[in-house]
Amino acid sequence: MYKIMFSAGETSGDMHGANLAKAIKEIAPNTYLFGFGGPQMEAASVTLCKNMLDYSVMGFWEVLINLRKMFKLKDFLVEEMKRQKPDLLVLIDYPDFNWRLASEAKKLNIPVFSYIPPSAWAWRKGRAKKVAKIADKIVAIFPFETKVYEEAGADISFVGNPLLDNVKSSMTKEQACKFFNIDLTDDNILLLPGSRKQEIEKMLEPMLEAGKIISKERKNVKFFLPVAQGIDGKRIEAKINESGLNVTLCYEKTYDLMNCCDFAIATSGTVTLEAALMGLPCVVLYKMSSFTYRIAKLFVNVKFFSLPNILADEKVLPELLQDDVNGERIADESRLLFKDTETAQIVKDKLGQIKLKLGSPGVAERTAKIILQTAEKFLSKNKE
């Protein structure tokens with residue numbers, strides 16, 4: 001029986017961890033899985049030592065003011081490693097925390113598996129060498145990630161993007177429209193402020209401001225907002241009520257909802273790639289604290305910040321950053337993505353091309369096999 005420890009600190013990581021857990025259990029049912037994660041991982045038979053919903057923070061400044069809490073979490077998980085002695089530590093994204101945990105694992109002679117490694121291709125390229133020294137095996141989910149790690153001497157593979165397994169409709173478009181009470185002759189816009197509390201606090205207000213501007217210009221506009229698991233819908237509802245904009249909150253079947261909408265106004269992150277896979281254009285937004293932004297400008301060297309644009313290596317989706325994240329600018333960019341525009345169809349065609357770059361379905365199963373092979377490799381080595 002293998003004993004594998006997971007560490008995932010974000011909603012997307014929780015989803016990926018849950019899929020890996022299910023795939024591992026299919027191949028090796030007696031494997032014991034435990035660690036740091038969220039409700040999806042727990043539902044997939046991962047025994048949680050700590051729940052990630054209590055520790056979700058983003059940005060340099062935000063991490064700094066929560067350092068004490070995060071160090072306590074790390075110390076707790078290190079004690080769990082000492083107590084439970086896992087055969088393998090599987091890190092899922094969440095780099096600033098996970099690689100501190102990985103360093104401690106190596107001191108305990110616990111092999112480290114990295115799923116979704118740090119973005120060394122975008123910034124802090126020097127950390128690729130540090131990661132290569134710590135990680136015994138790396139699995140990347142984007143084809144452009146491998147080069148910098150191979151040059152650093154890492155054992156890295158690209159096995160495809162896990163979203164290909166998850167992002168799909170559960171019903172026909174007609175059924176989905178009936179489910180959400182959507183009329184396709186209306187302008188149906190999806191608001192995707194993010195899954196973190198901080199993102200919602202920063203991004204929802206300018207989205208709602210844009211919505212009010214758009215509503216004055218278009219006759220039949222409907223807004224929809226999917227509420228992520230673990231997020232307080234009442235808090236979002238209160239903000240919406242304060243704005244005066246009519247927005248329908250939805251608590252399930254987000255991909256079906258994407259399939260019914262014309263475009264989205266979205267905070268940059270995994271959700272923009274999910275939307276791209278559903279053929280849904282987005283106006284992509286990102287806003288950090290002033291401190292975080294100043295630091296990022298010193299180190300980050302990328303032409304685009306949204307994943308679909310990075311994959312396409314061109315500006316397929318409009319992007320708005322920092323002070324440009326305001327109602328007027330969002331409304332300006334939105335005008336180009338309504339279904340009656342030529343731009344909207346061009347964008348949809350390019351999103352289809354982006355999907356082809358992400359590999360083929362079956363990613364969780366392929367990655368699970370590599371995880372178990374890595375665990376077996378080190379178990380056999382230790383027996384010698």
Side-chain angles (χ1 to χ4, degrees), residues 1-25 27-58 63 66-118 130-131 133-139 196 229-230 364 367-368 370-383:
M1 182 182 82
Y2 300 109
K3 185 184 285 188
I4 297 173
M5 182 175 182
F6 282 93
S7 180
E10 296 173 301
T11 301
S12 59
D14 187 31
M15 177 186 73
H16 297 319
N19 289 337
L20 288 178
K22 292 172 188 173
I24 288 170
K25 285 288 191 176
I27 301 167
N30 293 327
T31 303
Y32 175 63
L33 306 171
F34 72 100
F36 175 50
Q40 294 181 72
M41 288 170 62
E42 188 171 32
S45 75
V46 178
T47 301
L48 297 186
C49 305
K50 291 287 184 180
N51 195 310
M52 55 162 248
L53 295 179
D54 299 322
Y55 296 91
S56 184
V57 293
M58 59 180 286
V63 170
N66 283 278
L67 270 180
R68 187 176 180 184
K69 186 177 182 181
M70 299 309 291
F71 277 124
K72 282 187 175 181
L73 171 63
K74 186 202 75 174
D75 291 343
F76 177 86
L77 294 176
V78 170
E79 288 304 310
E80 283 297 299
M81 283 194 284
K82 290 178 181 177
R83 185 174 71 84
Q84 300 212 45
K85 298 180 175 62
D87 301 313
L88 187 70
L89 171 64
V90 176
L91 309 176
I92 306 172
D93 204 1
Y94 209 48
D96 290 322
F97 176 82
N98 270 342
W99 288 94
R100 288 182 173 87
L101 187 64
S103 295
E104 297 298 324
K106 295 304 285 187
K107 293 175 186 176
L108 298 171
N109 293 318
I110 296 169
V112 174
F113 186 103
S114 172
Y115 186 55
I116 314 177
K130 294 179 181 178
V131 168
K133 288 180 180 178
I134 297 172
D136 296 283
K137 179 65 183 177
I138 302 173
V139 167
R196 300 183 185 98
Q229 189 176 17
T367 305
I370 299 172
I371 287 173
L372 292 170
Q373 287 167 3
T374 305
E376 178 60 34
K377 173 184 173 182
F378 284 92
L379 271 174
S380 300
K381 188 176 179 181
N382 289 335
K383 289 176 183 177

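Because the structure is predicted, anything quoted here is derived from the model rather than measured. Just so it is clear, the values below take in all heavy atoms, side chains as well, and ignore hydrogens, waters and symmetry mates. For this chain, numbers begin at 1 and follow the sequence in order.
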Non-hydrogen atoms of [X] and [Y] that approach each other most closely:
X	Y	value
Ala23	Ala364	CB-O, 3.7 Å
Leu101	Lys74	CD1-O, 4.2 Å
Leu33	Thr31	CD2-CG2, 3.7 Å
Pro111	Asp136	CA-OD2, 3.2 Å

Original post:
Residues two or more places apart in sequence or in another chain: which of them pass ring-ring contact (aromatic ring centres under 6.0 Å, His included) with Tyr32?
Top reply: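 Tyr32: ring-ring contact (aromatic ring centres under 6.0 Å, His included) contacts with Phe34.
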Atom [atom1] of [X] and atom [atom2] of [Y]: how far apart are they, to the nearest 0.5 Å?
X	Y	atom1	atom2	result
Leu77	Phe97	CG	CZ	5.0 Å
Leu20	Met15	CG	CE	10.0 Å
Tyr115	His16	OH	NE2	6.0 Å

Side-chain donor-acceptor pairs of residues 79-93 under 3.5 Å, sequence neighbours excluded:
unit_1 : atom_1 : unit_2 : atom_2 : d
Glu79  : OE2    : Lys82  : NZ     : 3.4
Glu80  : OE1    : Arg83  : NH2    : 3.0
Glu80  : OE1    : Gln84  : NE2    : 2.9
Glu80  : OE2    : Arg83  : NE     : 3.4
Glu80  : OE2    : Arg83  : NH2    : 3.4
Lys85  : NZ     : Lys82  : O      : 3.1
Asp87  : OD2    : Lys3   : N      : 2.7

Which pairs would a plain distance check flag for residues 35-49, meaning a side-chain donor or acceptor within less than 3.5 Å of a matching protein atom at least two apart in sequence or in another chain?
none

Subject >> Candidates Ile371, Leu379, Ile24 - the one meeting side-chain contact (heavy atoms from CB on, under 4.5 Å) with Tyr2 >> reply: Leu379
Subject >> Side-chain heavy atoms of Ile4 within contact of Leu372, under 4.5 Å >> reply: yes
Original post:
Can you find a heavy atom in the side chain of Glu104 that is under 4.5 Å from one in the side chain of Ile110?
Top reply: no
Subject >> Derivation and outcome, side-chain contact (heavy atoms from CB on, under 4.5 Å), residues Thr367 and Phe113 >> reply: CA-CA 11 Å; Thr367 305; Phe113 186 103; 4.2 Å; yes
